Amino acid sequence: MHNPALVILVLIPLVGALAVFSLKQEQAKLAKLISLAVSLIVVVYTGALGIAYDVGSQADRFQFRGEWTWIKVFNVQIAVGVDGIALVLVAMSVVLVPAVILASWNAFDSRSGAEEVVLPGAKQRSVKNYFALLLLLEFFMIGVFVATDVFLFYVFFEAMLVPMYFIIGSFGGPRRQYAAMKFFLYSLVGGLLMLASVIGLYVTTGSHSFSITYLIAHPMPDNATQKWLFLGFFIAFAIKAPLVPFHTWLPDAGAEAPAGGAALLVGVLDKVGTFGFLRYCLPLFPAASRYFAPTILILAVIGILYAAFLAIGQRDMKRLVAYTSVAHFGFIGLGIFAFTTQGGTGAVLYMVNHGLSTGALFIVVGLLIARGKSRNVDDYGGAAKVTPILAGLFLLTGLSALALPGMSTFVSEFLVLVGTFTRHKGLAVLATTGIVLAAIYVLYLYQRTFQGPVRESVAKFRDLNAREVFAVAPLIALIIFLGVYPKPVLDVINPAVKATLHDVHQTDPVPQLGTAGGVK
Amino acid sequence: MNTAHGIQSAAWLLVALPLFSAAVLLLAGKRADKWAHLVGAAVPVILFIYAVMLFFSVKAESKGNREINLHLYQWIVVGTFKVDAGFLIDPLSMVFVLLITGVGSLIHIYAVGYMAHDPGRRRFFGYFNFFIAVMLLLVLANNYLAMYVGWEGVGLASYLLISFYFDRPTAATAGNKAFFANRVGDVGLSIAIMVMFAYLGSTSYADVLFGNAKLTQGVAAAIGLMLLLAACGKSGQFPLQTWLPDAMEGPTPVSALIHAATMVTAGVYLIARSAPIFDVSQAARTAVVIVGAITLLYGCICAFGQDDLKRVLAYSTVSQIGYMFLAVGLGPGVYAIGIMHLVGHGFFKAALFLSSGSVMHAMNDRIDMRRFGGLWRVMPITYFVFVCGYLAIIGFPLATGFWTKDKIIEAALDKGGTSGWVLGICALAGAGLTAFYMTRALVMTFHGERRWEDDVHPHEAPSSMTLPMIVLGVASLVGGYLLVFGGGFQHWLEPSVGPSVEEGVHTVSPVVLTLLTLVVVALGALGAWVAFGRKPIPITQPVGVSPITTAARRNIYADAFNEAVLQRPGQWLSRALVYFDNRGVDGAVTGLAAGFGGGSARLKRSQTGFVRSYALSMLAGSVAVVAVLLAVRFQ
């Protein structure tokens, strides 16, 4: 199996990143154009892969597989392949990148585009480096989803930190150093735990193989070792996701990162955590997954409600959005560990939708902040009168965050809830109350910033230009389209989720009063 | 169940067309300002014409074949969870389609004149068309989940239109309040749908309502109570009623169409639609009638404490929907009566709102009845329409309420037993109170001396406003008679909500009851005339009034209760958790993480050592990896 399709996909942004790095500082404009072009090429290429992907394939769980020996002595391979879950996540990630590039177009070379007050004489940040880092990040993001070798995955998982560390640390807000360090340390701790588990896996299975397909086919015996190894992976992913109580790095990182970086951080990087649950925790450690599931489900529900209350109490808009994401990750965790097809498929679709929705939310919040030079909601008010287009996009994005029926976020949220309900009624009911809190944090934010009398500081705001509209509008269009017609994506996700549930030996509960099919 | 054919297959246009026009109006920008209102008003008229054709097409089917399924496409398919996008065209949904497009057309036309000088007119019509689309989706969907899309869609339209004047903080807050209350209801709707799937394996009306599976008492009660919660949120029923009066912040056509005639009655639709579930569960029906009875009295009492004409009408809507809940909660045979009152209410409440909008228009957007008075001379058409609505709502002989509301009182008494008497007396008392507060509003607005402020010069509204008003006014007078005539309406609804009640033994003979009701209504009206018609109205609210009046002015402390029990504790909880998260969770985990990462000092220090320490960690990590792997290799 030497299909080069995915390797090419991974390498396009890497080549782009290197090209942009090699430019001179003055060639900022060129750097932007190259980055945009590369990111769009990746979108088109991924679209082509999506068309080529065989939805009904029974033959192989992973498609476009390519395997090459890397470190022979440890049997480490460069092995890539996608199942439905990985494919839709790659697609979501690559769609977000051009949006972020467009949204951050002037963020570091014009004062009007910056998110904070730029003091005269302040050191100019390197524009081309920022865009190169975005492409480098895209390289790692795609890599982490397509890797089918545990060691390769681990390398991407850890290396992904590097570009994000620099994006936060060099291009972020006033407390960027603190936030970057915190982000880095948290992830490092998780990564080291995972590393220990990876090694443990290699040693204890006796297979001396890192291949996912091999490991899925040969799950570990149900013993204490499996539980310990599971925990190593789980904590790494739980920090990444992040699930409460491992979440406290995210509000700092999300708030201090530039808006574009935050969109990718929360939209994509955090999905690696929940993706890891599905790809690694469940299939490799089925018994341990079942053993820990009740605890995780309770943590997930706590996260949904707890983070929503925290979001309501925030004044810093970016922290607010970060907390909403923590709540949303609770839903994803709930769907994954409910072990039903609705829950699992809902969780995967939730990851896709959340990437688009929160990515868009960070972008519109960033556009607002770039006008007001403040993250504090109290510095705004009445902006809808001055910037109606921004207000409209902000509201639509917010509505997608509160899972308005008709938008794709509703489909995924309801699938998660209904999938949870068939097995855990109480938890599903508790989680459902989260929809009230979601409405409060979204509309309260909108009210404080865009409604009410126009404040003096807001009166001079410029409405969005075409470039800024193009950064957000396609994401919203996609969210609405997938809300009205989610079936194509669901059809891609379903078989992969089914296979994963098969790995943990779980089947859907049957309706307790029998199916009501049949019309009078 | 029949499959749609011929003209019925085009029913999807009922949703698609207004959705499309809404998108065009909202996205077209300022260049559409010149023609947007014309397009916006034309769309519901076109839909109404189509709806009438559709009605005759359904009527042409034999009685057993009037449930027509229109399958559009598969919406969500995950395992056994299969949900279609599809419509159910049946007698019940047809009633709503005609009401929504018919009254909707009139109010759209009215709004052309009403919003003529508003700079946001294009946006208004965009939202208004959007509302028509999602409201039609709500009543036409053939399963609960697709219905949910319409359900939340009308909530969004309501939010957008309540906070239409979003620069007014009160309007923005009122919009949020409406959305939040609706979301509480949505929790109920979500859970109800989940229960359906978990126990019956489906969410479609065909399976859940008319399928083979036998509902148990417990499951039916759970679904019924959760649907009731949803209905309370949407229809402004106790205990989720407080948002509806505040919703009057929106432009008056919105109050007429959304917050009186159509959207707020969606809860009644939901219960009537789910009749087979409520038929099984006595507990759920009991809850519905209790909610109905409490709310109908609550609305009446609050209404007479208001000085804002629109708020009087809003509480009146709360109260009238209480009647409808009471009716549909009485269960088999009475659903049709509830729907009948709903349709009649759609006419007369729209007439009342549109005429009060005309008054407001004439009085420079002021709505305090204490500064009205004597308007009947200067606004004769408006006065006429208001009186039509007034007669209809109080149940003046032969006007709409006389037919529809009296039937509800009768049905409540016919329930029998103590509960029948209690409900019947509540409904009867409500009729008297309704006459009281409506007479007060009529007298304070149109009669007595002129208490106008100096700068107002009231005048009759333009014909684009008065014509739809007159149509609705006449409909309020004669509509009820047409609805009850020959029992046609009830028979029409039978395929959807089951057979109507047999003319059997009545607890109180209908003639006696009618006379008794008229006496109670007359007493209420007379009482109001004595209290407000014979002496001058003070232009400021009198102080030192009775505790009941004080309570009525402050909506029986419902807002105060919500603030004290929900809002404030919620804020405290939120603040406490923010503190806890920053100090507690973050502190603990940061300490732990810092321990791993090499001392908390490094976390706090900035500028130096970060990249180096990172590189160092990576190096250490790599060495560890290699060491362990080597150890494994050579063991």
Side-chain angles (χ1 to χ4, degrees), chain A residues 73-74 169 177-178 181-182 184-186 188-189 192 195 199 202-203 245-246 248 306 309-310 312-313 341-342 345 382 384-385 404-406 411 415 417-418 421-422 428-429 432-433 435-436 439-440 443-444 447 451-454 486-487 490 494 508 511-520, chain B residues 1 74 76-81 148-149 152-153 156 163 166-167 169 172 176 179-180 183-184 186-187 190-191 194 197-202 206-208 210-216 219 573-575 577-578 581 585-586 589-590 593 596-597 603 606-607 610 614 617 621 625 628-629 632-633:
Chain A
V73 64
F74 299 121
Q177 299 284 358
Y178 168 80
M181 196 61 198
K182 194 167 173 181
F184 167 69
L185 286 178
Y186 265 77
L188 190 70
V189 170
L192 287 175
L195 179 62
I199 296 163
Y202 183 81
V203 176
F246 304 106
T248 53
Y306 177 72
F309 270 110
L310 290 172
I312 294 169
T341 47
Q342 292 83 31
T345 302
K385 265 262 178 324
L404 187 86
V411 177
L415 280 172
L417 289 171
V418 82
F421 189 85
T422 53
V429 168
T432 307
T433 58
I435 70 173
V436 180
I440 294 176
L443 293 184
Y444 192 37
Q447 182 186 4
Q451 298 180 322
V454 182
K487 197 161 169 291
L490 291 174
N494 271 328
D508 287 346
Q512 291 164 10
L513 297 179
T515 45
V519 181
K520 73 167 178 186
Chain B
M1 195 164 292
Q74 287 191 311
I76 302 173
V77 181
V78 178
T80 53
F81 187 78
Y148 195 166
V149 176
E152 187 90 344
L156 173 62
S163 51
F166 56 79
D167 49 343
N176 281 357
F179 201 94
F180 299 160
R183 271 259 148 164
V184 174
D186 289 349
V187 172
S190 299
I191 294 172
M194 289 186 240
F197 177 70
Y199 287 87
L200 301 168
S202 176
D207 293 339
V208 173
F210 309 115
N212 298 324
K214 188 119 183 70
L215 277 170
T216 58
V219 173
L573 181 62
S574 173
R575 272 182 219 146
L577 288 181
V578 169
D581 199 62
V585 180
D586 194 29
V589 185
T590 305
F596 276 104
L603 246 183
S606 60
Q607 303 299 333
F610 285 96
Y614 177 76
S617 316
V625 178
V628 174
L629 287 179
V632 172
R633 179 72 182 162

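Computed from a predicted structure; not experimentally measured. Letters A, B, ... mirror the listed sequences (proteins, then strands); counts begin at 1.
Within the 4.5 Å cutoff, side-chain heavy atoms of B/Asp581 are placed close to those of A/Tyr306. Residues B/Phe166 and A/Lys385 form a side-chain contact, since some pair of their non-hydrogen atoms from C-beta on lies under 4.5 Å apart. Taking 4.5 Å as the limit, every side-chain heavy atom of A/Leu310 sits out of range of all side-chain heavy atoms of B/Ser574. Annotation: side chain of A/Thr422 is not in contact with side chain of B/Met194 (no heavy-atom distance under 4.5 Å). Residues A/Pro511 and B/Tyr199 fail the side-chain proximity criterion, which asks for heavy atoms closer than 4.5 Å.
Within the model, atoms CZ of B/Arg183 and CD1 of A/Ile435 stand 4.5 Å from one another, a figure rounded to the nearest 0.5 Å. The line from CG of B/Asp186 to OG1 of A/Thr432 is 11.0 Å long, rounded to the nearest 0.5 Å.
For chain A, the option among B/Ser190, B/Gly153, B/Gly79 with the highest count of heavy-atom pairs below 4.5 Å is B/Ser190. Taking chain B as the reference chain and counting heavy-atom pairs below 4.5 Å, the highest number among A/Leu490, A/Val418, A/Val454, A/Thr433 is found for A/Val418. If you tally non-hydrogen atom pairs under 4.5 Å between each of B/Leu577, B/Ile76, B/Val187, B/Val78 and chain A, the highest count goes to B/Val78.
Nearest heavy atom pair, residue A/Pro453 against residue B/Pro169, reads CD-CG, 3.8 Å. Here the closest non-hydrogen pair linking B/Ala172 and A/Gln451 is CB-OE1, 3.2 Å. When all heavy atoms are compared, the tightest approach of B/Val77 to A/Lys487 is CG2-CE, 4.0 Å.
A search for side-chain hydrogen bond (donor to acceptor under 3.5 Å, both in side chains) contacts involving A/Thr341 returns A/Asp508, not counting sequence neighbours.
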Practice problem: Decide side chain to side chain contact (heavy atoms under 4.5 Å, CB included) for A/Phe309 and B/Val578; before the verdict, give the C-alpha distance in whole Å, the side-chain angles of both, and the deciding distance to 0.1 Å. | Solution: CA-CA 8 Å; A/Phe309 270 110; B/Val578 169; over 6 Å; no

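Of the two parts of B/Tyr148, the backbone and the side chain both hold a non-hydrogen atom closer than 4.5 Å to a non-hydrogen atom of chain A.
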